[in-house]
Enquirer: 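Please read through the structure below; I'll follow up with questions.
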Protein chains: 2
Amino acid sequence: MATIKDVASKANLSVSTVSRYLNHHPYISDDKKQRIKAAMKELDYTPSSIATQLRSKKGNTIGILVSRITNPFFSYLVDAIEKEAKKSHYNVLIMQTYDDKKSEMNMLELLKQQVVSGLIMCSVEGDPATIQSYQEFGPIVLCNETMRGSLVPTVVTDQKSAVYDAMIYLADKGYQQIAYCTGGTLTNEGHGRSRTEGFEQALLEKQLPFKKDWIFRQVHTSQDGNDVADKIFSLPKEKRPEAIFTNSDEVAIGVMENMLQRGYKVPQDLAIIGFDNQPATSMLTVPLTTIAQPVAALGTEATNLLLAKIEDSSYEVDQSKLKLSLIKRKSA
Amino acid sequence: MATIKDVASKANLSVSTVSRYLNHHPYISDDKKQRIKAAMKELDYTPSSIATQLRSKKGNTIGILVSRITNPFFSYLVDAIEKEAKKSHYNVLIMQTYDDKKSEMNMLELLKQQVVSGLIMCSVEGDPATIQSYQEFGPIVLCNETMRGSLVPTVVTDQKSAVYDAMIYLADKGYQQIAYCTGGTLTNEGHGRSRTEGFEQALLEKQLPFKKDWIFRQVHTSQDGNDVADKIFSLPKEKRPEAIFTNSDEVAIGVMENMLQRGYKVPQDLAIIGFDNQPATSMLTVPLTTIAQPVAALGTEATNLLLAKIEDSSYEVDQSKLKLSLIKRKSA
DNA sequence: ATGAAAGCGCTAACAA
DNA sequence: TTGTTAGCGCTTTCAT
């Protein structure tokens, strides 16, 4: 591999001149530019971005943390982030947490080591204070996540009112007994807290009953949805909910699959609301009523915000692009 | 940020000793080990992986090229690769090509610059000779792709016979007029060539008719599938195909969606075969007959092969894990 | 078992 | 406008 030194000697110039050329410095005569260009071509020279990074402390890759890339919500988010980052010549390093703190710490260490120049967290597992403290090493932006009382810049939608609206929609349709799924543990912090607040507020306002048997924690996949349906339909008929609010379309699909296999009807035996409006949910056996998230906008806004922080400029998130909407179909 | 030098002076040792400690060198006395450990903790020291990389020429990130991460086939592939890479403490840098050579070249340059220590190409756009030449800078593995006459290590399934089998299945069911979708351009090289060979062989053997109007190129998304259906149903009834072989479930779903909206029946008016066996395809209005790919195995095998090359050892791909299978459902 | 010193490929004062 | 030089943080001979 040719180095800047090789280019310099081939062009009969000093390395600094070549370096200046590389960095589009002004004040460099045209004939030398030509000589440098020729030497580079001849040597098939590519600058070592590792060396540049060590010296200049500037990198061009950003980190993305997601819980599972196979969840379409996250793959669309990553898609938007990668596209937007590429526009500014940044690469993306992806890490899946699978809800494990350890991977999150790995990524935070990459920020500390300057392997990534900034970090978009689309999933947060660890302690807010720890995460916050890593901002010392580079900018962090939370995307579709929040942390209690933290000062980490955040790009979020109003999930609470979206869930509230969906619940009111169910109640107004006459559904009283509503089950609820969350990816989190239903403690005061953590996953899906704002969604749960919307759920609780609607319950309160509409005076709907709340049963522990109708609450399901840490459900994520369609397999989990299947298990949820197993539990619901093993309940005596009069103790079953009339509708279920799920935290993702994948879960909703699992519930539906299980029901259809048992010969139950959607929404007659159990109405289902999904979350995400994933492709194909309009094409299911029973088209899914669900909440659409502005996923591309979340990704681009988070990226622009992060890049602004990395480059010490400022960016105003356009909140008007970040609206959720209830997609009414047949399942509820 | 503390450096190795800071640690050394705090521990009253030379940087070399600290470096040895970092690299788990033998022959280093216990008391010094303790002093170093203490100094590191006190200074909250993390080695700069950039500096290490510059000096040692060894990195720990691998690159992945995919055409679109939102295609579930690729997100599951990335999932498998990331998990497997993580086991050996490698990070993954992802780039989407969106079928554009430029992104592919970007990634190849990252290999040249040693930003990534190796590359898994799950999508290939550029000229084989060019790609092959980049192996000089680091190992490349093709995953679910092939290149005519190239010496790039490859992990693939037998797509040709899977498509052939699916076509025979259709023919045996009585479907004679079969349309065909490809992501490529149907030239002799490039995308989906081996699938097309299976298609052609079945056509020949079963003496099925071939019509240009039934061939669709460069279709990828469900929107493309919708457009394909538009074209088919704008044909006079007697000139329409009886079945369609699509190159992905997304496309198949688009075709189906369009048909149902027009009030046509699947498979009566047009039988559909998908590709990928994506989640939810069993739950569609008309459950989709499709070809399941061993996507997790493709990912882990490609990763193990690449890591072996990076670390100069060898790995034998287990071909028995790489079988395709036809999933028979209602759509064809 | 430990240290001194050279240098990976590049950038950025400082001079000229 | 160009060159000289001193590092960035680390690894790795070569001594001791």
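All figures in this text were calculated on a predicted structure; none of them were measured in a lab. Residue numbering restarts at 1 for every chain, and letters A, B, ... go by the order of the sequence lines.
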Enquirer: Output all residues satisfying salt bridge (Lys or Arg N to Asp or Glu O under 4.0 Å) with B:Lys10, sequence neighbours left out; order by chain, then residue number.
Expert: B:Glu42
Enquirer: Taking only residues two or more places apart in sequence or in another chain, which ones pass side chain to side chain contact (heavy atoms under 4.5 Å, CB included) with B:Lys102?
Expert: B:Asp100
Enquirer: If you look only at pairs with a residue in residues 127-139 of chain B, which of them pass as a salt bridge (charged side-chain N to carboxylate O under 4.0 Å, His left out), with sequence neighbours excluded?
Expert: none
Enquirer: Tell me, please, which residues at least two apart from A:Arg55 pass salt bridge (Lys or Arg N to Asp or Glu O under 4.0 Å).
Expert: none
Enquirer: Suppose we screen for side chain to side chain contact (heavy atoms under 4.5 Å, CB included). Which residues come up paired with A:Val295, at least two apart in sequence or across chains?
Expert: A:Phe73, A:Tyr76, A:Leu77
Enquirer: Is any side-chain nitrogen or oxygen of B:Lys57 closer than 4.0 Å to OP1 or OP2 of C:dG9?
Expert: yes
Enquirer: Walk along DNA chain D from 5' to 3' and tell me the first and last nucleotide with an atom closer than 4.0 Å to a non-hydrogen atom of chain B.
Expert: D:dG9 to D:dT13
Enquirer: Could you identify which residues of residues 47-55 of chain A place a heavy atom less than 4.0 Å from some atom of DNA chain D, listed by residue number, or say none?
Expert: A:Leu54, A:Arg55
Enquirer: Holding to salt bridge (Lys or Arg N to Asp or Glu O under 4.0 Å), I want the full list of residues that pass it with A:Lys83, two or more places apart in sequence or in another chain.
Expert: A:Asp79
Enquirer: Which angle, rounded to 10°, do you find between the first-five-pair axis and the last-five-pair axis of the helix from C:dA1-D:dT16 to C:dA16-D:dT1?
Expert: 40°
Enquirer: Using ring pair (Phe, Tyr, Trp, His ring centres under 6.0 Å) as the criterion, list what pairs up with A:Phe137, not counting sequence neighbours.
Expert: A:Tyr134
Enquirer: May I ask you to list the residues of residues 4-22 of chain A, by number, that have any heavy atom positioned under 4.0 Å from an atom of DNA chain D?
Expert: A:Leu13, A:Ser14, A:Ser16, A:Thr17, A:Arg20
Enquirer: B:Asp312: what forms a salt bridge (Lys or Arg N to Asp or Glu O under 4.0 Å) with it, not counting sequence neighbours?
Expert: none
Enquirer: With a 3.5 Å distance limit and no angle check, can you tell me whether B:Lys37 reaches the backbone of B:Lys32 through a side-chain donor-acceptor pair?
Expert: no
